[in-house]
Amino acid sequence: MANDASTVFDLVILGGGSGGYAAALRGAQLGLDVALIEKNKLGGTCLHNGCIPTKALLHAGEVADQAREAEQFGVKASFEGIDIKAVHKYKDDVISGLYKGLQGLVASRKVTYIEGTGHLSSPTSVDVDGRRVEGRHVLLATGSVPKSLPGLEIDGNRIITSDHALTLDRVPESAIILGGGVIGVEFASAWKSFGTDVTVIEGMKHLVPVEDENSSKLLERAFRKRGIKFNLGTFFQGAEYTENGVKVTLADGKTFEAEVLLVAIGRGPVSAGLGYEEQGVTMDRGYVLVDEYMRTNVPTISAVGDLVPTLQLAHVGFAEGMLVAERLAGLKTVPIDYDGVPRVTYCHPEVASVGITEAKAKEVYGADKVVALKYNLAGNGKSKILKTAGEIKLVQVKDGAVVGVHMVGDRMGEQVGEAQLIYNWEALPAEVAQLIHAHPTQNEALGEAHLALAGKPLHSHD
């Protein structure tokens, strides 16, 4: 194995996705000599196969819905269909622009970028296609891939993952989506907007089951109104090909048929065969285990992003990567409060939250110590203008801080920034109620909800 002995980097990063490149950029900014190794494209899943392309598809679907529904706003328009090649060009142009910008950022920070497949060869080195890259510290950031189920063969045509769905050369006439979490409901929403007959299969009792139950029920109501079908509370048993598509059978014997089956049951870590266990890194079901500072049990190795069992969100990867870089640069670091991370599902309507659910709050503080308030968007002028329905739900410790903000409605993802501050700064309802929110905005609904929780409701009933 060739070794460039003249260079020992301060930090060698295996994986150029959200967590890896954030650590590289921040580390270089702080004066560390950084090597960043990536086998595919800089930016990883989020930029090329996740956050960015899915949101582009969702926006194209939103435009299609606006064209269909323009008459209710007094606008004469006609919807003539989806040009999927043009949709993909729009999506790919967005990705391309961001990709070039990211490449420029990495180059400008003088990060040594190495293309190739890396393998952890010692606690302080990574082998890349015949070259040994040495470092004082190694950061593992190899990300995740779509998961499947035993016996469920992914063929990329009739039975597909989200990776395939992002490049599908047609709009399917009908689709079964296995999994009602974030990925599943986002594709359900986009495909419905494109004209697909969609059925979501979710084994848990609600869609987006990790969200507050009220948010799940509001989304289910909205999906019914949109004509998106779903089956809840029964698990998948098997799938078989039909003459024109796929038939899915559930554990209770119920069957569903469609042109395609999208398997959206989550993502699993990329760690097999990369040398982690051989170098003594503690693992669990493929995940690398870390402490609150992203340190593994091996002193010279850290890990971040989808590879570790924290929230699988790009912005979590950014934060974890930056935390590692700052720790290695000698700065004082603070562990991440994962409850304080904003979470958004970009379906129509959007589901956004920060903090803990009402059920969790009752478990932590006791049922008699928890107060919950719902503010209906029907009382919000801008939401009326947009013709969106939904609610903002606040969860408060009695006579104390707001510990959960749960929102459903179009554009709620744009309101989660203030919600994040409310939770993380442990704000009291009366403190938020003092702040003047612009009228008419949807952001105003957050202010109104806190006014009501503080005992002085304005545009809502006592």
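Excluded from the calculations below are hydrogen atoms, water molecules and symmetry mates; all remaining heavy atoms, backbone and side chain alike, are included.
Counting non-hydrogen atoms of other residues, nucleotides and ligands closer than 6.0 Å to CD of E173 gives a total of 12 or fewer. Taking a 6.0 Å sphere around NZ of K39, one finds it holds 12 or fewer heavy atoms contributed by other residues, nucleotides or ligands. Around the NZ atom of K229, the shell of radius 6.0 Å holds more than 12 heavy atoms that belong to other residues, nucleotides or ligands. Other residues, nucleotides and ligands contribute only 12 or fewer heavy atoms inside 6.0 Å of the CE atom of M204. The neighbour count for Q72 CD, taken as heavy atoms of other residues, nucleotides or ligands under 6.0 Å away, is above 12. The number of heavy-atom neighbours closer than 6.0 Å to CD of Q66, taken from other residues, nucleotides and ligands shown, is above 12. Atom CD of E292 sits in a crowded spot, with more than 12 heavy atoms from other residues, nucleotides or ligands closer than 6.0 Å. Counting non-hydrogen atoms of neighbouring residues, nucleotides and ligands closer than 6.0 angstrom, the CZ atom of R221 reaches no more than 12 such neighbours.
No side-chain donor from either of S216 and E211 sits under 3.5 Å from a side-chain acceptor of the other. Checked by atom type, the side-chain pair T310/E320 shows a donor-acceptor distance below 3.5 Å. Between the side chains of E418 and N443, a donor-acceptor pair is found at a separation under 3.5 Å. There is no side-chain donor-acceptor pair under 3.5 Å between D65 and H348. Side-chain atoms of D306 and Y287 include no donor-acceptor pair closer than 3.5 Å. Checked by atom type, the side-chain pair T45/R267 shows a donor-acceptor distance below 3.5 Å. Side chain to side chain, D212 and T357 fail the donor-acceptor criterion of an N or O pair below 3.5 Å. Side-chain N/O atoms of T167 and H88 include no donor and acceptor closer than 3.5 Å. Side-chain atoms of Q442 and S383 include a donor-acceptor pair closer than 3.5 Å.
Remark: side-chain polar atoms of Y375 are paired, donor with acceptor, to backbone N or O of G379 under 3.5 angstrom. Between the side chain of E448 and the main chain of H459, a donor-acceptor pair closer than 3.5 Å is present. The closest donor-acceptor contact from the side chain of R343 to the backbone of G355 lies under 3.5 Å. Looking at K192, its side chain never comes within 3.5 Å of a backbone N or O of F187 through a donor-acceptor pair. Looking at N424, its side chain does come within 3.5 Å of a backbone N or O of G340 through a donor-acceptor pair. When atom types are taken as modelled, the side chain of T296 and the backbone of S302 share no donor-acceptor pair closer than 3.5 angstrom. With T161 contributing its side chain and D163 its backbone, the two residues share a donor-acceptor pair below 3.5 Å. Using modelled atom types, no side-chain atom of H206 and backbone atom of G233 make a donor-acceptor pair closer than 3.5 Å. Judged by distance alone, with hydrogens and angles left aside, the side-chain atoms of E444 form no donor-acceptor pair with the main-chain N or O of H439 at under 3.5 Å.
Counting all heavy atoms, side chain and backbone alike, I392 lies closest to L446 at CD1-N, 3.7 Å.
Annotation: side chain of T142 is in contact with side chain of Y276 (closest heavy-atom distance under 4.5 Å). Annotation: side chain of P146 is not in contact with side chain of H164 (no heavy-atom distance under 4.5 Å). Looking at heavy atoms from C-beta onward, I95 lies in side-chain contact with H48 at the 4.5 angstrom threshold. V246 places none of its side-chain heavy atoms less than 4.5 Å from the side chain of I176. A 4.5 Å side-chain heavy-atom check between E391 and N376 finds at least one atom pair inside the cut-off. The closest side-chain heavy-atom distance from R411 to T388 is not below 4.5 Å.
Remark: R327 fails to qualify as a cation-pi partner of Y293 under the 6.0 Å distance and 45° angle criteria applied to the six-membered ring. Stacking of K41 on the aromatic ring of Y99 is recorded, both the 6.0 Å distance cut-off and the 45° axial limit being met.
Checking each of H406, E213, E358 against K393 for a side-chain hydrogen bond (donor to acceptor under 3.5 Å, both in side chains) leaves exactly one that passes, namely E358. For the side chain to side chain contact (heavy atoms under 4.5 Å, CB included) criterion with L262, the lone passing option out of V200, L178, L168, I177 is I177.
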